[in-house]
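The structure presented is a predicted model; accordingly, all values stated were derived computationally and were not measured.
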Amino acid sequence: MQTTTQEWDTYQAQPVTEYTIENDNGVKLGVLSWGATLHELSVPSAQGPHNLVLSYHKMADYLDNPFYVCMGIGRTGGRITRGTFPLDGTTYHVDPNEGQNTLHGGPHGFNTVNWAGSLDTTDPNHARIILTHTFKSTDDSYPGDLDAKLIYGLDNQDHVTLTFEATATTTTTLFNPTAHLYFNLSDDQLITGQTLQVNSDEHLDLSAEKLPTGKMIANADTPFDFKAGQNLGSAIRGMQDTTEKGFDDVYHVVPAADHTIAKLSDPQSNRSVTIKSDRNGLVVFTANSFTNGLKLATGAGQPYMGVALEPQTLPDSPNFPEFGDITLPAGKTQQYHVSYDVTY
């Protein structure tokens with residue numbers, strides 16, 4: 001295992017650090033301090049290292065768009081209706097950042113800060129990147145202060161691990177983080193030749209504002225059915241008569257015995273990523289609204305350049321308790337785990 005630390009860029013007069021781990025097989029993991037952003041997950045190929053995730057050349061480009069490309073998300077992933085929720089008998093209102101609603105932690109979420117970081121190389125077969133930040137209620141408007149930690153790991157079996165950890169230090173709060181990773185496993189600019197499999201029988205019914213209604217819709221016999229695996233191009237073509245013209249949906253997943261919830265694969269390159277999670281939700285977004293103003297490392301933006309796969313507890317659960325409990329009591333620590341098993 002090899003590790004490096006370097007100043008990658010400067011943003012808002014602050015240095016942005018890149019922490020890199022490369023395992024003995026040549027798989028490389030690069031994480032930026034700003035936004036706890038996964039900048040690189042590359043695998044060896046005949047043409048050299050191939051990055052499996054979308055990335056930018058500058059930090060400003062990561063933040064100069066509404067797409068959260070490969071950034072850390074919190075305190076809460078997804079939308080909170082009108083930024084309002086009940087907690088311990090009190091109704092709270094957090095800052096909105098999408099109309100009247102709060103998306104992905106609001107305007108001062110995990111993606112908006114420069115995290116403190118370090119490398120842990122004590123295990124010769126598994127190195128870790130440890131990012132920490134304290135989120136004050138006075139900064140992000142959520143109840144209570146939160147000591148947050150994101151830990152990215154890579155081992156010599158080509159397993160990428162991501163641990164989200166938080167402690168509510170002052171009062172009970174919410175904690176439902178995710179990573180907004182956009183994958184493109186192929187040598188093409190688009191994801192339309194790749195296959196997605198999701199362990200799910202139903203997805204959330206969403207309003208025109210993409211807010212949960214509390215209802216579920218069956219996936220069977222629709223373009224939403226990825227249970228047996230489906231070509232993404234075919235699935236997207238099945239959505240062309242919809243407003244979205246693709247997917248921006250929340251799947252209710254049932255993890256397998258080994259916690260697998262989804263697998264993305266590219267038949268031409270034989271690359272794949274198997275996603276494992278200990279929670280019940282997965283957002284699937286096929287980058288339908290990408291525009292050519294995006295200065296991505298692989299070229300100008302266009303729809304279907306990547307597919308975002310975001311494991312989390314089903315969103316807006318404080319307003320829909322049947323979706324899951326994301327409450328973090330005062331003085332308690334909570335961990336969530338995601339892993340990405342890579343083949344190539």
Side-chain angles (χ1 to χ4, degrees), residues 52-53 77-78 159-160 162 176 178-186 190-207 210 212-288 303-304 306-317 320 322-324 336-344:
L52 303 181
V53 297
H159 302 320
V160 175
L162 177 51
N176 185 20
T178 188
H180 209 302
L181 304 189
Y182 286 82
F183 292 97
N184 185 340
L185 310 185
S186 75
L190 304 183
I191 56 169
T192 48
Q194 294 163 61
T195 300
L196 178 63
Q197 187 273 328
V198 181
N199 292 349
S200 173
D201 292 317
E202 58 189 3
H203 62 282
L204 296 193
D205 180 44
L206 301 176
S207 72
K210 300 182 183 178
T213 67
K215 300 176 183 178
M216 299 277 188
I217 301 174
N219 300 332
D221 302 317
T222 75
F224 291 89
D225 190 359
F226 290 97
K227 192 166 188 180
Q230 183 180 182
N231 169 263
L232 277 169
S234 297
I236 290 167
R237 285 192 293 274
M239 299 288 287
Q240 290 306 299
D241 60 348
T242 68
T243 301
E244 192 64 40
K245 299 190 184 306
F247 296 88
D248 187 5
D249 292 280
V250 187
Y251 283 80
H252 178 208
V253 296
V254 180
D258 66 351
H259 297 293
T260 296
I261 60 167
K263 181 176 182 179
L264 180 67
S265 55
D266 177 48
Q268 294 220 339
S269 66
N270 289 320
R271 301 180 189 119
S272 71
V273 175
T274 299
I275 301 175
K276 299 178 181 180
S277 169
D278 47 15
R279 290 182 285 168
N280 67 352
L282 179 72
V283 174
V284 177
F285 174 49
T286 49
N288 322 308
Y304 321 125
V307 55
L309 301 171
E310 309 157 51
Q312 61 178 88
T313 302
L314 294 173
D316 209 10
S317 59
F320 299 98
E322 65 274 20
F323 287 178
Y336 296 115
H337 304 276
V338 182
S339 68
Y340 306 89
D341 298 347
V342 178
T343 63
Y344 48 94

Exercise. Could you walk me through whether T192 and L232 pass side chain to side chain contact (heavy atoms under 4.5 Å, CB included), step by step?
Key: CA-CA 5 Å; T192 48; L232 277 169; 5.8 Å; no

Quiz item: Looking only at heavy atoms, which two atoms of P315 and G77 are closest? And how far apart?
Solution: CB-O, 3.9 Å

Exercise. Indicate whether any N or O donor in one side chain lies under 3.5 Å from an N or O acceptor in the other, for N199 and Q197.
Key: yes

Quiz item: Between L309 and I275, does a side chain to side chain contact (heavy atoms under 4.5 Å, CB included) hold up when you go through it step by step?
Solution: CA-CA 9 Å; L309 301 171; I275 301 175; 3.7 Å; yes

Quiz item: How about V198 and L282: do any of their side-chain heavy atoms sit closer than 4.5 Å?
Solution: yes

Quiz item: Side chains of S186 and N184: closer than 4.5 Å at any heavy-atom pair?
Solution: yes

Practice problem: Determine which pairs satisfy salt bridge (charged side-chain N to carboxylate O under 4.0 Å, His left out) with at least one residue from residues 275-286, sequence neighbours left out, and list them in order. | Solution: D258-K276, K276-D341

Self-check item: Within-4.5 Å side-chain heavy-atom neighbours: V342 and Y344
Solution: yes

Quiz prompt | ring pair (Phe, Tyr, Trp, His ring centres under 6.0 Å) involving Y304 - partner list, sequence neighbours excluded | solution = none

Quiz item: Do M239 and K245 have side chains that get closer than 4.5 Å, going by heavy atoms?
Solution: no

Practice problem: Please identify each residue that fulfils side-chain hydrogen bond (donor to acceptor under 3.5 Å, both in side chains) with T195, with sequence neighbours left out. | Solution: none

Quiz item: side-chain hydrogen bond (donor to acceptor under 3.5 Å, both in side chains) with Q312: which residues, sequence neighbours excluded?
Solution: none

Practice problem: List the atom of G281, the atom of V253, and the distance in Å for their closest heavy-atom pair. | Solution: N-CG2, 3.6 Å

Practice problem: Would you confirm whether N280, through its side chain, and H252, through its main-chain N or O, come within 3.5 Å as a donor-acceptor pair? | Solution: no

Quiz item: When you look at T343 and S272, which way does the side chain to side chain donor-acceptor pair (under 3.5 Å) test go after all the steps?
Solution: CA-CA 5 Å; T343 63; S272 71; 2.3 Å; yes

Quiz item: Considering residues at least two apart in sequence or located in another chain, which fulfil the side-chain hydrogen bond (donor to acceptor under 3.5 Å, both in side chains) criterion with T286?
Solution: N288

Quiz item: Do any N or O atoms from the side chain of Y182 and from the backbone of F285 form a donor-acceptor pair under 3.5 angstrom?
Solution: no

Practice problem: Side-chain contact test, heavy atoms from C-beta onward, threshold under 4.5 Å: evaluate it for L206 versus D249 and give yes or no. | Solution: yes

Practice problem: Output yes when a side-chain donor or acceptor of Q230 lies under 3.5 Å from a complementary backbone atom of D225, and no otherwise. | Solution: yes

Quiz prompt | Heavy-atom closest contact (A179 atom, L162 atom, distance) | solution = CB-CD2, 3.6 Å

Practice problem: Report the residues that fulfil salt bridge (Lys or Arg N to Asp or Glu O under 4.0 Å) with D201, sequence neighbours left out, ordered by chain and then residue number. | Solution: K227

Exercise. Indicate the atoms forming the closest heavy-atom contact of P223 with G238, along with that distance.
Key: CG-O, 3.6 Å

Practice problem: For F323, check ring pair (Phe, Tyr, Trp, His ring centres under 6.0 Å) against everything at least two apart and list the hits. | Solution: F320

Quiz item: Of all heavy-atom pairs between Q240 and I236, which one has the smallest distance, and what is that distance?
Solution: NE2-O, 3.1 Å

Quiz item: Can you find a heavy atom in the side chain of T274 that is under 4.5 Å from one in the side chain of Y340?
Solution: no

Quiz prompt | Results of side-chain hydrogen bond (donor to acceptor under 3.5 Å, both in side chains) for N219 - residues two or more places apart only | solution = S200, H203

Quiz item: To the nearest 0.5 Å, how far apart are OG in S269 and CD in Q194?
Solution: 7.0 Å

Practice problem: Could you tell me which residues satisfy ring pair (Phe, Tyr, Trp, His ring centres under 6.0 Å) with F226, sequence neighbours excluded, listed by chain and number? | Solution: F247

Quiz prompt | Partner residues of D248 under the salt bridge (Lys or Arg N to Asp or Glu O under 4.0 Å) criterion, sequence neighbours left out | solution = K210

Exercise. Would you list the pairs meeting salt bridge (charged side-chain N to carboxylate O under 4.0 Å, His left out) in which at least one residue belongs to residues 191-200, sequence neighbours left out?
Key: none

Quiz item: Looking only at heavy atoms, which two atoms of Y251 and L314 are closest? And how far apart?
Solution: O-CD2, 3.8 Å

Quiz item: Would you say the side chain of D205 lies within less than 4.5 Å of the side chain of P212, judging by non-hydrogen atoms?
Solution: no

Exercise. Using modelled atom types only, decide if a donor and an acceptor are shared between the side chain of T313 and the backbone of G324 within a distance under 3.5 Å.
Key: no

Practice problem: Would you mind listing every salt bridge (charged side-chain N to carboxylate O under 4.0 Å, His left out) that reaches into residues 262-273, with sequence neighbours excluded? | Solution: D187-R271

